[in-house]
Protein chains: 2
Amino acid sequence: MKKGLTATMEDYLEAILFLKREKRVVRVKDIACVLGVRLPTVTSMLQSLGERGLVEHEKYDYVDLSPEGEVLAREVSRRHQVIKDFLEDVLGVEPQKAEEDACRMEHAISPETLERLVKFTEFVFLCPRGGRQWIEQFQQFCSRGLSKEECAAHIRAFIEGLEKKVRAIETGEEVRKVVTLKDLEPGKKGKVTAIKGKGGLRKRLLDMGIVPGTLVEMERVAPLGDPVEVRVKGYHLSLRKEEAEEVYVEEI
Amino acid sequence: MKKGLTATMEDYLEAILFLKREKRVVRVKDIACVLGVRLPTVTSMLQSLGERGLVEHEKYDYVDLSPEGEVLAREVSRRHQVIKDFLEDVLGVEPQKAEEDACRMEHAISPETLERLVKFTEFVFLCPRGGRQWIEQFQQFCSRGLSKEECAAHIRAFIEGLEKKVRAIETGEEVRKVVTLKDLEPGKKGKVTAIKGKGGLRKRLLDMGIVPGTLVEMERVAPLGDPVEVRVKGYHLSLRKEEAEEVYVEEI
DNA sequence: CTCCAAAGTTAGATAAATCTAACTATCATA
DNA sequence: TATGATAGTTAGATTTATCTAACTTTGGAG
Ligand SMILES: [Mn+2]
Ligand SMILES: [Mn+2]
Ligand SMILES: [Mn+2]
Ligand SMILES: [Mn+2]
């Protein structure tokens, strides 16, 4: 009876969630606009989604997600984000192409592959053999290949960096700039090193996946520094200023 | 008039190409079996594909691809292969899951992203900071994360390997085992170092994408060593023994 | 308060991809 | 050569997602 959602249905849920984040209310017309379809198409799909208990929609009124619909919409949105991050940050695909591809691939990826992709993207940025520099070398490889001389020079420079890093690890000394999450600039990535908070607040952060070793990316800081929006393992999180101050990160 | 193919149509073309490679003739029933649909569904789709000039099919007779259909089928098949290789060899997704995901994602990836993925997979195996060892470390990271001690030990071992490699590059000395393509074992990957052949034969190999620096994977060697089937940038190539003997590769 | 433009709905059509049921052709072998 | 099992086709139904045309509701300007 309760068959899985079609790709199209997933896109409607995703669009509604997106619009809820953008504006305070969601109208049929907004959905039509975001998805590039006509009004009756939306009315008709809202009918189907309503019957499945995923959206709430009284005739002529605003549209909203049901609690179950919101859960599913967040899952779709996360798949989208994970794929987009990989395409953009690892492969270096143009942002708009990455966006388009992610919104098609999000319906085709299995949960197993998704989690691998999350881990891989994290690994590339956290692993001492990967990281920014390595990805930059990939971008170069894309445009003009690798000559032996460039290769040798890169390796020499890289060995130097690694030796510094391994000494730092062995002596326990920190080489990176350590800041709290609230100080991480939008667009920057950081690795969680510790969580200061006590009791419930600490637990809440850990539950959200903010644990030492995790990669976080700052998305947006609201005008007064509250709330801050971050991305962790593809999840979009909104943290209060007090929470963000409890999380130590080292910039990557 | 000539709109693009639907995902479903692509799957039919891919299935027909697959069956042509497996057996000598393709029957309606085989396609139905491969795609898990009933016979009339296939008849009906062959009708549509026939009208577009992509398949040749006389009533009650065998099915074949038209030249244009074969070109498209090869493109689909290549997308499938590129994605599967990435999922399996880089992310370490289980072969069957990789297969299923690839066959869904192949319809969602743009040409730009596909070429990036080809280059990335190649880069991971060819780049001195990537390679087998690095991917193995990723698999470990997936299962149990990275402890500081493991990290330090890995880096030390890795630096040693890199130093050996950089000396080899600088002195021009070869450290890898160099063989000709015909000696590469099935499942093994190699990097093309040189092409011996002269004139037309050499040109043919270069045209197929077999140029120095390229990653090739041996797929199958026929009983008498002729032909050999290899994969280059996602393309499936069949080489005669004489051709394979002209290509030098270093095992990876 | 009235009225009209914009937003939304209803009705009905179309295209794609599938199915079942019923019919037909092919071909091996008795 | 006759014939039945297997393969294939035709016809007609269903589901999903879309559209246009025509109708209805809502809410703001005058
Ligand atoms: Mn989508
Ligand atoms: Mn999306
Ligand atoms: Mn497919
Ligand atoms: Mn496929």
So what does A/Y62 hit on the nucleic acid, given a heavy-atom distance under 4.0 Å: a base, only sugar-phosphate, or nothing?
nothing

note: B/Y12, atom OH; C/dA16, atom P; distance rounded to Å ~ 14 Å

Should A/D226 and A/R240 count as an ion pair when the cut-off is N to O under 4.0 Å?
no

From CD of B/E10 across to C1' of C/dA16 the rounded distance in Å is 15 Å

Closest to the A/V28 side chain: C/dG8, D/dG8, D/dA17?
C/dG8

So which one's nearest nucleotide on DNA chain D is more toward 5', A/K59 or A/R38?
A/R38

Ring-plane angle category for B/F86 and A/F120, please: parallel below 30°, perpendicular beyond 60°, tilted otherwise.
perpendicular

Would you mind classifying the nucleic acid contact of A/T43 as base, sugar-phosphate or nothing, using non-hydrogen atoms under 4.0 angstrom?
base

From CG of A/L39 over to P of C/dT10, roughly how many Å is that when rounded to an integer?
13 Å

d(CG, B/L49; P, C/dA16) in whole Å:
12 Å

Between D/dT16 (P) and A/M45 (CE): distance, integer Å
9 Å

Nearest heavy-atom approach of B/D11 to B/C103 is OD1-SG, 3.8 Å

Between C/dA7 (P) and A/L46 (CG): distance, integer Å
16 Å

Output the single nucleotide from D/dA17, C/dT9, D/dT9 whose closest atom is nearest the side chain of B/P40.
D/dT9

Give one of base, sugar-phosphate or nothing for A/S48, where a contact means two heavy atoms less than 4.0 Å apart.
nothing

Heavy atoms from C-beta onward define the side chain here; which of D/dT25, C/dA16, C/dA25 lies closest to that of B/Y60?
C/dA25

Between C/dC27 atom P and B/R27 atom CZ, what is the distance in whole Å?
11 Å

What does A/T41 touch in the nucleic acid at a heavy-atom separation under 4.0 angstrom: a base, only the sugar-phosphate, or nothing?
base

Step by step, work out the side-chain hydrogen bond (donor to acceptor under 3.5 Å, both in side chains) result for A/H80 and A/E99.
CA-CA 8 Å; A/H80 182 116; A/E99 176 68 28; 3.0 Å; yes

D/dT16, OP1 or OP2 - any side-chain N/O from A/T6 closer than 4.0 Å?
no

Please determine whether a side-chain nitrogen of the Lys or Arg among A/R78 and A/E75 lies less than 4.0 Å from a carboxylate oxygen of the Asp or Glu.
no

C/dC27 P sits how many Å from B/K29 NZ, rounded?
16 Å

For C/dT9 and A/H57 - does any side-chain N or O of the residue sit under 4.0 Å from the phosphate oxygens OP1/OP2?
yes

